[in-house]
Amino acid sequence: MLILGFLISSLYALVAVGFTMIFGVAGVLNLAHGAFVMVGAYLAIWAFVILKWSLPVAFAFAILGVAVIAPLVYRVLIRPIENRTVTVFLATLLLAVLLEQVIILFFSAKPRTDLPPFIQGGFVLWGTSIPYNRLLAGVVALVVIGLLWAFVTRTKTGKAILALSMDRRGAALVGIASHRITLWVWAISGALAAIAGLFITSFLGIQPFEERVSLVIAFSTVVLGGLGSIPGSLWAAFIIGYAETIAQAFAPEARGLASLVILLIVLTIRPQGLFGRAAT
Amino acid sequence: MKLLEVNGLDVFYGKAQALRGVSFTVQEGEFASVIGSNGAGKTTLFNAISGLLPYQGEIGFAGQKLPSKPHEIVQSGLIHCPEGRSLFAYLSVLDNLQLGAYRRKDREIERDLRVVFELFPRLEERERQLVHTLSGGEQQMVAIGRALMGRPRLLLLDEPTLGLAPIVRSHISQALDAIQERYRMTILLAEQNADFAFKHSKRIYLLETGQIVREGTAEELKRDDYIRQAYLGS
Ligand SMILES: Nc1ncnc2c1ncn2[C@@H]1O[C@H](COP(=O)(O)OP(=O)(O)OP(=O)(O)O)[C@@H](O)[C@H]1O
Ligand SMILES: [Mg+2]
């Protein structure tokens, strides 16, 4: 259970970090983030099951697909209205519903479990059987997060992303083209969501309403960690990951609920979240 | 040669007009100041010039029309060190300074970093420290340093000594003298503190409720009765 919790958590971390990046850099609470997770999964199912591409190609296609769709969403839908916070909020909500419906139209609302594990088999550790696929998911998630960390703290574009999240005016005055950087952030966020979606689907299957669970989890993680704080999201992902794993074991219907309960408790004690910077 | 040429600038906040037909020029190599009290429109003027606010009127820079987007303006060599600093609070001093050179591709970035550290040795001692943990004076040094890292042809400085202790103010004052003497940089300063502006600049513009009401060399305006009474307190 301990290990499974850790492996699941690292996928939640992927979802949450993408969500928090868009909030931190663009100030957008992207309610379609869960839909990006789902679109990634369905793109892979489409490529693998219907087009009969090989599994690695289907995975790559899905990740690239969402990494292209997400910045397009920003460019076409969000950017024209980006100064109107409430409108943006509603637009992302509408987009989430729309994507859900599009998927139902093409794939019906039935759960799909035909995306196979990336690798078969497993092993037993301390009495728990651990499929290799879950191990792989955990490793991939951690490596991706590590790479992302190196990217934002070491490269020039990465630092521009951090700068933009800290002070938009300052960023403009050193010559950072915020719209270009924001496109990058949406692309990265979309790719992370897709990666999580692929693995989650390959162990749990997926259905169109799944995006709501992903969104609730991403949302709780990000608020729990402190809105906009990337280290905060990572810690929160692990807390929520464990809560969800435990909830899953005892009451599978309650998936998504556990995270909300934790969120409620923490926010009552610490309104700015675990790592949030208290408003100054 | 005229480096900056502002012609008939109008800026509105909604229906309220904050600048009314502001026109002035800054010569290459010159230190000029816009003085004016609270709410006169100095920050509005600088924000319009650096592309943060929409305006009507014309702005020419180095003989060409100034581009409209902030990053293009930075690229053309007009760098704005803003009121309130707008630093990247959770990045280190060094990261902040290096981001100042974000648009540059030349090989002299390292050399300019040395120059900034010579002007403000305290920043070198604290290069790894996160900016939000610095004192106000140190933060102002980072803000000026970051602007210098953009290698300005024209540096806009908005109230660089606002709220600072006298000793820090004189330190920054010396740094401005050094920058101007050594690098012949063109500087446009916005100040409420007329004494500070007169000490540094050759040419002065007085802004009152969004309009330029006096202009001239520092020598001339020092003798102007109105300015002496209302701004110089002597
Ligand atoms: N964002 C804004 N929205 C509406 N009005 C504004 C805004 N910013 C400034 N103003 C108004 O425009 C006028 C000029 O303000 P500005 O900040 O340019 O003055 P300033 O000369 O820089 O003053 P200070 O020396 O206090 O910094 C003021 O009347 C101010 O209230
Ligand atoms: Mg001002």
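Lettering of chains follows the sequences in order, A, B, ..., and the numbering in each one begins at 1.
For the options A/Val174, A/Leu164, A/Thr153, heavy-atom pairs under 4.5 Å to chain B are most numerous at A/Val174. Of the residues considered (A/Ala177, A/Ala171, A/Ser178), A/Ala177 shows the highest number of contacts with chain B, using heavy-atom pairs under 4.5 Å.
Listed here is the closest heavy atom pair of A/Ile181 and B/Tyr102: CD1-OH, 3.7 Å. The shortest heavy-atom contact between B/Pro82 and A/Arg169 is CB-NH1, 3.8 Å. Annotation for A/Ala172 and B/Leu52: closest pair CB-CD2, 4.1 Å, computed over non-hydrogen atoms.
No more than 12 heavy-atom neighbours from other residues, nucleotides or ligands sit within 6.0 angstrom of NZ on B/Lys2. Heavy atoms from other residues, nucleotides or ligands lying under 6.0 Å from CZ of B/Phe12 number more than 12. No more than 12 heavy atoms of other residues, nucleotides or ligands shown are found within 6.0 angstrom of CD on B/Glu58.
Between the side chain of A/Lys159 and the backbone N or O of B/Asp95, no donor-acceptor pair lies under 3.5 Å.
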Q | CA sep, side-chain torsions, deciding dist, call: A/Leu173, B/Val74, side chain to side chain contact (heavy atoms under 4.5 Å, CB included) | A | CA-CA 7 Å; A/Leu173 292 180; B/Val74 171; 5.5 Å; no
Q: Run the numbers on B/His71 and A/Ile176 for side chain to side chain contact (heavy atoms under 4.5 Å, CB included), then give the verdict.
A: CA-CA 6 Å; B/His71 66 267; A/Ile176 293 169; over 6 Å; no
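For chain A, no part of B/Ala147 is nearby; none of its heavy atoms comes within less than 4.5 Å. Contacts of B/Asn96 with chain A are absent, with no heavy-atom separation under 4.5 Å from either backbone or side chain.
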